[in-house]
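This is the structure I have questions about; it appears just below.
Computed from heavy atoms alone, side chains included, the values below leave out hydrogens, waters and symmetry copies. Quick note on labels: first sequence line is chain A, next is B, and so on, each numbered from 1.
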Amino acid sequence: MNFGLYLPLLAGLAFCNHCRRPADGQADALALPAAIAMGLATAIMLLLGGGLLTLADSARPGLPLPLVASVLQAASALLLAGTLQRLAAGTAAALGLHWPLLLLNSLLAGLPLYFLPSASSAAASLCAALLSAALFTLLLAQFATLPHRLQRCALPARLQGRPALLLCALIIALALHGLGARLS
Amino acid sequence: MSRPSILPAHTDPGSQPLLTTPLPAQLRLWLQGASCCVEVGQRVLKHQLLAEADSEFGVAVHAPTSGHIRAIGPLPQALPDAPLLDGLQLQPDGLDEALSLPAESNWPALSALALAMRLQDMGVMGQHGPLLPLAWAAKASPLALLIINAVENEPFLQADSMLLCEQAAAVAEAMAMLGRILQPARLVLAIQQEQGAAINALRSLAADQCWQLEVIQAPYPAGDEAQLLRALARPEESGNSLCLPVAGVHAAGRAILHGEPCISRIVTVSTALKQSHNMRALLGSPVADLLTCAGLSSQQHALVHGGGLRGFALPDATIGIHQHSHCLLVRPRQPALTAQPCIRCGDCASICPSQLQPQELYWHCSRQELAQAQHWRLADCSQCGLCSAVCPSQLPLLDSFRLASQQLLLAEQQQCAADAARQRHRFRQFRLERDKQEKAQRLAERAAQQAAKLAQQAAEPTSHAEPTATAADKQAAIAAAMARAAERQQQRPAVAPSVNSSEREAAIAANRQAAIEAAMARAAARKAAQEAAKAAAADAPAMAKDEDQNKPGLNQQQQALIQAAMHRANAQKAAASSSPASLDQDKKALIAAAMARAAARKAAGDETEQDK
Amino acid sequence: MTLVLRLLLLLLAIWLLGKVLRSSAQKLRPATSTLPPLAERIDAILPQTQCGQCGHAGCLPYAQALARGEDSINRCPPGGEDGIRKLAALLHTDYLPFAADAPPQKPKAVALIDEATCIGCTLCIQACPVDAILGSAKQMHTVLADECTGCELCLAPCPVDCISMRPATSQPADWRWGYPVIAIKAVKPGSSS
Amino acid sequence: MNTPVIRLAPTLASRNRQQLLALLPAIAIQLWQWGPPALLALASASASALLADSLGLAWRRQAIWPGLRQGEALLTAVLLSLLLPDAAVPLLCLCTGGAILLLRQLFGGSGSSLFHPVAGGLLLAAPWLPAGLPHADIPLSLALLAGGLWLLWRGLLRWQAPLGLLLVVLIALPVGSGWLLGQSALWLLAGWVMSDGSATPITPRGRLVYGQAAGMLCISFVTLTTQPDAGVTLAACLLLLSASAPLLDRLTLSPGPRT
């Protein structure tokens, strides 16, 4: 895995997240809080999964990394989903914090972190997790506000709405690929 | 990008002469907020009243010269998009015969309201309707600051400067008059730094007068009322200050001191280059005449009414000028610039004196989203036109804001109309309800009186037959009901002993009550029986509901009881009549009897309760 | 060391998420107690012609039916499509085009009584929902044009067909020069600065 | 249309003309440095840009000549040919035309493009660019700076975003960002791409934040990584941040204080 692939993956993931948002009357007003909430949730999952992995590694070294990492990421996602379900079910649902989405985010955004070239030390992996969560939040917020702006573009009728957003996602992914390729 | 540097500087009229337009062939006067009081074909004299103000915001119209009224009807007005509005056409006869003008001799004795109404009658207009707002004058609160606005607000305007240069003494006189009547704590004449000649003309007069000269240095929309008030009023004065245009003040001076109604104004005709002419023109003069006077032809030029930023195109040179026609701009005809899409340069937002976001406003206004436009503070837009002027895409920002404000105004009016209609409808419903209740009350009273009589006749223990009742079983039922009522009546003192202060009164009341109850029960039973005998009534539930609304809201205990009984009986009746129609007589009688019993019992119960 | 830092960051993220959730929950549940009842808010949108074209006996009954969810929002021709949009926004439903069986939309009109033909039967007075008709028995009646909502309810009862609808003339021709928003503001105590 | 008599701002076409005019010294220096091939590149890029623009306009059923006369496509071509002096001519044509079609015409022409075509074209061309250490081009940079200052004086440069970028670069001088100032790509992107309204936030504060964010991202990438090609990195940052422009607008745009 390298950054040139990982960062566009985040863009695609953010686009998926945006498409899965509930489209009701309050979706527009809650778009930005939903993006921030999902970004924070992803940060929690990444930090939790990474921390658990460090603990597991120190407790019993030599475990197969891919298996343990995916189990721990899935566990942290389900733990968060369960906690949210118990404490603030209605709000979490309105903000789109559903467990399948959390699981997807945790696995797709979290797992590659352990295989990135920079994840050599604990501090570096922590830093990578934070940065990737921050970038993911930024991307989510971008997708939350882009449709409003796209309305004012004179896009052809066939491209209105989601296809236009997909186009934007592709361009963002291109830019992220360009940046990520330099990091690797 | 600072505003003063990019706007063309004010050019002083200087030593230019004030022209006077020759008498036009036709005058077109508009009747906004005024109702016509002359007829077609009538000859009128100069200064004669043509239309009286019929609303708070209208002013009277006077004949600018003598002549004949040729038509009264819709005319295009010198407004954006030249809407048709009622106006009158006056054909001058060239004689210019004037009425004699009675000057107001004791004007210092006028109150503010009297002055305001007098100015309205004299046709003196301010920024919004009469020079002095009537609502303000009626409040008669002490005036802290009176601003006379002589700022040439837009590029190319010169009319106010010209007026000050030519008529400085008359303006000073008018201001002294206003100061005397309105008694402001501070009287200020606001003028812009560039109007040098006017300032010179005033400086010599200002020395021994009660007013001050304030020279404004702020950039363009500084001549707007709100901006002037913000600039000149001290915090404690900002609540009760007033801003009047200098042309109106001058006209007010003529009207009050000399009795001369407002029939003309000074108009600048400018070619937006260096050359411009100022002329005194009669109100209603066609624009073409003014152009001819300035040596221009109306065919070869595009016409703009107003200054360089707020002016709007006039489609037609025959439109007559009005009291707000301070400037006419004449431009060579050019192909119109086409609007390009917004490139989000942000210049409009950075230049907006009200700190709005014109690009957002324009987006919502062009999509007719008035609620959003209100959120982006369309109401705070002073329509200064700077955003339109700096827009590199030539977007019609000012036009769309004007249109949207108008639509907003219309929507507000509709909302007011809807609110009024709702109120009237609710009041009508309340009135119908009240009428119904009063009618029911009257009927009940009458029934009670008759029943009391009947009961007295039937005071003998032998319960004699009801004359109208035909079936024997019905009579039996009634008798049973009466007997029960009597029983209850006897039990009543035991139920509620020694509660009443006066037992005698209670006894009398009880006797009467019993009689009434009996009669009521009879009447109800009779009616119910008759109703039940009829075929099925289709609208039974509706009737029940109607009767339900006849709640015993009566203050007299007796009436309450009667009504309660009646309405119970009716409800029962309604229920009965809504049940299958093929009931035999026996059943009907049984129902009626039960009903009557229930009614009587209820009435008695109610009575005891209310006695408590 | 990194583990402690990681734990601290985790706690910070959880705290922030809690804050976001709480603020969103407040946004989700606006203070409904301060709002007037739903029927009143719907009634405020309806045009108050009281014409009964919606099939109810007036605007308020229609509003109540809407509030109970018993009728659809596209039954008010005088309110126009704008009215439907407002109702849709208030009731959180989708915009609906006018019902196929709804009467067609007409421009605003006011009733006019032909004074020569009127026999003074008072039937129209009883029919008018907003008391906009004046007159008494055997006397000529007249319509207060300012109060007339154009509901056309007076047309049917008239025995001599002397009432006709005329287009309302209150279009925005009343372009008042710089309508007096600023003037009123300027003299209201304590309004500006 | 009752629009005002006084026009205080140049039209779009005149704006673009003046922006091109400000590039003239830089073009002259480029021609002097690279000789006839640069002229060929400039001409072919312009032709490809005009062709792509007219194709897009025809596809969107717009009038072609008035659209071309605005000069935005030409400006894009000139900027790209200045940014990619050592690219092969076909690549230059391809990325110019592609960027104009994809990022400009598809989004609906001038003012509507969310992403600046120049940044997009640079990024499209990046994989095929010859790798190598960037060399400082002081004369070109100075010419561009002069052109930018002239634009600023004419009031045509929205200066907040470039200022934010330059501030960050100056602050980061101790980290070793000084060589960036000698890069012509930095000046081109700052003066002609970041000052464009459609791909940046609309509020002054948002633009400042945009410029600072672009500077920080760019400097961190350029100094932390091994591929110090400032132009492509900055273009990628600009694209990424252009997508955040609506977000910055949402955060900074308000109806304003109530009077």
Which bit of C:Leu3 comes within less than 4.5 Å of chain A, counting heavy atoms only: side chain, backbone, both or neither?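 The answer is the side chain of C:Leu3.
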Pick one of side chain, backbone, both or neither for A:Leu46, based on which atoms fall under 4.5 Å of a heavy atom in chain C.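 Answer is backbone: N, CA, C or O of A:Leu46 sit under 4.5 Å from chain C.
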d(C:Arg75 CZ, C:Leu46 CG) to nearest 0.5 Å is 13.5 Å
Does some side-chain heavy atom of A:His18 sit less than 4.5 Å from a side-chain heavy atom of A:Leu146? no
Within a strict 4.5 Å, meaning less than it, do heavy atoms of the A:Arg21 and A:Phe143 side chains meet?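 Side-chain contact under 4.5 Å: no.
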Quick check on A:Arg60: does its CZ atom have over 12 non-hydrogen neighbours (other residues, nucleotides or ligands) under 6.0 Å away?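 Incorrect, the count does not exceed 12.
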Who among A:Gly39, A:Ala37, A:Ala43, A:Ala34 has the most heavy-atom pairs with chain C under 4.5 Å?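 The candidate making the most pairs under 4.5 Å is A:Ala37.
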Which portion of A:Leu30 sits near chain C, non-hydrogen atoms under 4.5 angstrom: side chain
Rounded to the nearest 0.5 Å, how far apart are CG of A:Leu10 and CD1 of A:Ile172? 12.0 Å
Between A:Pro33, A:Ala129, A:Ala133, A:Gly50, who has the most heavy-atom pairs with chain C when the cutoff is under 4.5 Å? A:Gly50
Specify which of A:Leu48, A:Leu97, A:Leu126, A:Leu130 makes the most heavy-atom pairs with chain C at under 4.5 Å.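 The candidate making the most pairs under 4.5 Å is A:Leu126.
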A:Arg152 side chain to A:His148 backbone, donor-acceptor under 3.5 Å: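 Flag not set: sc A:Arg152 to bb A:His148 has no pair under 3.5 Å.
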By a 4.5 Å heavy-atom criterion (distance strictly below it), what part of A:Leu95 contacts chain C: side chain, backbone, both, or neither?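 When you check distances to chain C, only side chain atoms of A:Leu95 fall under 4.5 Å.
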